[in-house]
There are 2 protein chains.
Amino acid sequence: MSDLLERLRGRGWRMTAQRRVVAEVLDGDHVHLTADEVHARAVVKLPEISRATVYNTLGELVSLGEVLEVATDKRAKRYDPNAHRPHHHLVCARCGAIRDVHPDGNPLADLPDSERFGFTVSDVEVTYRGVCPNCAAA
Amino acid sequence: MSDLLERLRGRGWRMTAQRRVVAEVLDGDHVHLTADEVHARAVVKLPEISRATVYNTLGELVSLGEVLEVATDKRAKRYDPNAHRPHHHLVCARCGAIRDVHPDGNPLADLPDSERFGFTVSDVEVTYRGVCPNCAAA
DNA sequence: GCTTGACTTAGACAATGTCTATTGTAGGGT
DNA sequence: ACCCTACAATAGACATTGTCTAAGTCAAGC
């Protein structure tokens with residue numbers, strides 16, 4: 001993750017404690033936090049960080065292409081730091097747990113011209129839904 | 001759509017003017033309205049209908065499997081009356097227009113066991129993104 | 001160590017969705 | 001045809017998520 005900070009500094013990002021903390025919170029695999037969850041964790045490390053800063057920083061990271069916004073639940077946006085390897089998501093319908101997955105095949109190729117309605121299609125987002133082992137056991 | 005009302009009556013749904021109006025508003029192809037859009041259109045036909053009723057009715061229709069919730073934009077839930085033929089969505093990144101599409105293949109089959117993390121996977125939701133002909137011309 | 005403009009802050013505001021207490025009414029029973 | 005009663009609708013408060021603004025703060029270059 002420190003290479004992320006380096007990259008951003010190189011792009012003229014001013015380095016502040018707040019931004020460092022947000023980046024640290026997002027570090028890791030299978031991380032898909034909502035903005036408020038990011039804020040809650042950031043506050044632990046830096047008590048005076050404000051909600052607006054977290055929202056701003058997340059928005060900037062998304063613009064810079066370092067973090068993805070995902071809409072796996074219909075309530076709040078989630079932020080996925082795994083922006084550099086294309087992947088999709090598997091969501092537990094009960095507890096909301098999210099895993100990154102890498103399906104075979106290319107769904108983009110599965111959309112025939114006749115179903116494109118003249119659109120220039122550039123991207124596809126796949127969300128699998130099911131029940132995770134924990135919830136199935138309960 | 002009147003067959004929808006019949007079906008629901010058969011399932012013990014009490015038929016009210018409000019529910020009829022919400023069902024009418026949702027009728028049609030490629031319809032993907034937000035709750036507030038449904039409310040706005042319902043008010044035209046039945047001025048005294050309340051927001052809460054629209055939300056309740058939409059929620060019931062979803063529970064009954066007659067309408068789908070889709071999360072194509074990250075702002076508000078959208079409601080899709082085309083619940084009986086499986087399909088996916090194609091969204092314009094500029095204007096937000098949504099079309100129902102029917103890709104080839106079955107994305108569920110593309111998720112290998114090794115990528116299922118022990119989940120029981122039951123459903124998959126695919127959102128294609130691109131630019132529609134109107135926006136491309138502008 | 002200054003200066004400056006970008007960054008952060010608190011809190012107001014906006015949009016979307018949920019809940020509650022009260023009033024109204026669909027549909028069955030007589 | 002009329003009444004009951006349980007279910008539905010209403011207005012509006014409340015909750016959650018996200019955006020904006022004005023004022024204060026600070027990182028980084030000089």
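Just so you know, these numbers use all the heavy atoms, side chains as well, and skip hydrogens, waters and symmetry mates. All chains are named by letter (A, B, ...) in the order of the sequence lines, taking the proteins before the strands, and each is independently numbered beginning at 1.
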Looking at [X], I want to see if its [atom1] is surrounded by more than 12 non-hydrogen atoms of other residues, nucleotides or ligands under 6.0 Å.
X: Asp104(B); atom1: CG; result: yes
X: Asn106(A); atom1: CG; result: yes
X: Arg41(B); atom1: CZ; result: no
X: Asp36(B); atom1: CG; result: yes

Measure the distance from [atom1] on [X] to [atom2] on [N] and round it to the nearest whole Å.
X: Leu46(A); N: dC7(C); atom1: CG; atom2: C1'; result: 13 Å
X: Glu48(B); N: dT23(C); atom1: CD; atom2: C1'; result: 14 Å
X: Tyr55(B); N: dG17(C); atom1: OH; atom2: C1'; result: 5 Å
X: Met15(A); N: dG29(D); atom1: CE; atom2: C1'; result: 16 Å
X: Leu8(B); N: dG27(C); atom1: CG; atom2: P; result: 12 Å
X: Glu69(A); N: dT17(D); atom1: CD; atom2: C1'; result: 13 Å
X: His39(A); N: dT16(D); atom1: NE2; atom2: P; result: 15 Å
X: Leu5(A); N: dA28(D); atom1: CG; atom2: C1'; result: 17 Å

Phosphate-side-chain proximity, [X] and [N], N/O vs OP1/OP2 below 4.0 Å:
X: Gln18(A); N: dT25(D); answer: no
X: Thr16(B); N: dC7(D); answer: no
X: Thr34(A); N: dT17(D); answer: no

If you assign Ala76(A) and Ser50(B) each to the DNA chain D nucleotide with the nearest heavy atom, which residue ends up on the more 5' nucleotide?
Ser50(B)
Both Ala17(B) and Tyr79(B) contact DNA chain C. Which one's nearest nucleotide lies toward the 5' end?
Tyr79(B)
Whichever of Trp13(B) and Asp36(B) has the more 5' nearest nucleotide on DNA chain C, that residue is Asp36(B)
Report yes or no: is there a donor-acceptor pair, N or O only, under 3.5 Å between the side chain of Arg75(A) and the base of dG17(C)?
no
What I want to check is whether an N or O donor and acceptor connect the side chain of Arg14(A) with the base of dA6(C) at under 3.5 Å.
yes
Using a distance-only test with no angle check, is there a side-chain donor-acceptor pair under 3.5 angstrom linking His32(B) and Asp100(B)?
yes
Got a sec, which residues hit side-chain hydrogen bond (donor to acceptor under 3.5 Å, both in side chains) with Arg11(B), two or more places apart in sequence or on another chain?
Glu66(B)
Joint cluster assignment, Leu68(B) & Leu108(B), ILVMFWY side-chain distance < 4.5 Å
no
When clusters are formed by joining ILVMFWY residues with side-chain heavy atoms under 4.5 Å apart, either directly or through shared neighbours, do Phe117(A) and Ile98(B) land in the same one?
no
Determine the contact category for [X]: base if any of its heavy atoms lies under 4.0 Å from a base atom, sugar-phosphate if only primed atoms, P, OP1 or OP2 are that close, otherwise nothing.
X: Arg51(B); answer: base
X: Thr53(A); answer: base
X: Ala52(B); answer: base

With five pairs defining each end axis, the helix from dG1(C)-dC30(D) to dT30(C)-dA1(D) comes out bent, to 10°, by 30°
Nearest-nucleotide pick for Lys77(A), side chain only, options being dT9(C), dA8(D), dT19(D)
dT19(D)
